[in-house]
Amino acid sequence: MKIKTILLTGTSGFIGRIFLKFILSKKYKVIDILRSKNKNNKSLNLLRKKYKNTYESIFFKNENEINKKLRKKKIDFFINFATLYKNEHSHNEISKFVESNIYFPTIVTDTIFLKIKKIINFGTMMQHSDGKTYSPKNFYASTKSAFEMILNYYTLQNKKLNQYNLKFYESFHEDDVRKKLVPTLIKNYRQKKTTFINSKKLQLNIIHVNDIINAVMIILQNNIKPGDYCLRQRKNFKINYLISKINAKLHKKLKIKYRNEKILKFKNSSLKILPKWKPKTDILNKIQNKFN
């Protein structure tokens, strides 16, 4: 059986790096595209040594080099993990959002779209603040929606190319160090600091990164109908419920102060859940264990 080749962007990021480690342990060849500054990335260099026959990196200083270095490569699937995320933006950050979330993945797609079979792109439920239509919560989400529209153009040009946009609310992994709620709770607890939370009414829908990887594998290994899909837990839970579950297993309780800020009402997604997929990881148990 022919070994399939996967092109990845965003492997220097959190979820992309975890997926890279996973997929290299399977029977796939992997090519990733990285800025030249990542040549000294220790974790990626170790993986390159370990999987020297199946893992190749393309480094670039500017986007003009991407086409030249990538166009002759044989690629079956493209997975776009590349993202620049911030809940808010400043005026001088606009170009960075556009470059990372639109321009860079577009340059890659334009080079390979005629020869790949499937493209898996990661978006966010922040693109759908009302739960269904494109109503971006912030500028970050709007750039994600813009790239999806660009992908629609490429799939119209290549009728054999299947496009999948996977979206979720929040994610978590045991090695999580991102500036998100759960890693912040863990960090503040270990440093004996108080965590300030906007409201007791805050609702959460968190999936484990392993379940995200499982979704990707389902698409790679099955004939799934192209489209937009939401990866989510069946039920949401409130932040004070999560805090109470964590405290139930702790000798010293979390230091929490709730603000009375108005928050957007949680809108359940009307996007379909990916066929054949459901979250397998007990996310509450994973979070509880991380505190211990």
Lys/Arg-Asp/Glu bridge criterion (N-O < 4.0 Å) met for [X], [Y]:
X: Lys167; Y: Asp228; value: yes
X: Lys201; Y: Glu261; value: no
X: Arg35; Y: Glu99; value: yes

Rounded distance [0.5 Å steps], [atom1] in [X] versus [atom2] in [Y]:
X: Ile246; Y: Ile287; atom1: CD1; atom2: CD1; answer: 6.0 Å
X: Ser25; Y: Leu47; atom1: OG; atom2: CG; answer: 10.5 Å
X: Leu166; Y: Leu231; atom1: CG; atom2: CG; answer: 5.0 Å

Decide yes or no for [X] and [Y]: does some side-chain heavy atom of the first lie under 4.5 Å from some side-chain heavy atom of the second?
X: Leu161; Y: Lys118; result: no
X: Ile94; Y: His91; result: yes
X: Ser57; Y: Asp32; result: yes
X: Glu93; Y: Lys86; result: yes
X: Lys245; Y: Gln288; result: yes

Criterion salt bridge (Lys or Arg N to Asp or Glu O under 4.0 Å) against Glu56, the qualifying member of Arg48, Lys73, Lys29 =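 So the option named by the test is Lys73.
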Just by distance, with hydrogens left out, do Glu148 and Tyr134 show a side-chain donor and acceptor under 3.5 Å apart?
->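 The answer is yes; a qualifying pair exists.
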Aromatic contact, Phe122 with Phe147 (centres under 6.0 Å) |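 No.
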Between His173 and His208, how do the two ring planes meet: parallel, tilted or perpendicular, split at 30° and 60°?
->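 If you compare the ring of His173 with that of His208, the planes turn out tilted.
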Could you label the plane-to-plane angle of the Tyr189 and Phe291 rings as parallel, tilted or perpendicular, counting under 30° as parallel and over 60° as perpendicular?
->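 Perpendicular: the ring planes of Tyr189 and Phe291 meet at over 60°.
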Within a radius of less than 6.0 Å around [atom1] of [X], do more than 12 heavy atoms belonging to other residues, nucleotides or ligands occur?
X: Asn222; atom1: CG; value: yes
X: Asn62; atom1: CG; value: yes
X: Lys200; atom1: NZ; value: no

Can Lys180 be said to sit on top of Tyr85's aromatic six-ring, NZ or CZ under 6.0 Å from centre and within 45° of the ring axis?
->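 Pair Lys180/Tyr85 counts as cation-pi.
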May I ask you to check if Lys39 and Phe59 form a cation-pi contact, with NZ or CZ under 6.0 angstrom from the six-membered ring centre and within 45° of the axis?
->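 Ring-cation test returns yes.
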Is there a path of hydrophobic side-chain contacts, each under 4.5 Å between heavy atoms of I, L, V, M, F, W or Y residues, that connects Tyr229 with Phe168?
->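 Looking at the clustering, Phe168 is in the same group as Tyr229.
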Could you pull out the closest heavy-atom pair between Lys27 and Ile3, with the gap in Å?
->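 Heavy atoms of Lys27 and Ile3 come nearest at O-CG2, 3.8 Å.
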Look at the side chain of Asn214 and the backbone N and O of Asn210, then say whether any donor-acceptor pair between them is shorter than 3.5 Å.
->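 No: the side chain of Asn214 does not pair with the backbone of Asn210.
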Step-by-step ring-ring contact (aromatic ring centres under 6.0 Å, His included) determination, Phe60 to Phe104 = CA-CA 11 Å; Phe60 69 95; Phe104 168 56; 5.5 Å; yes
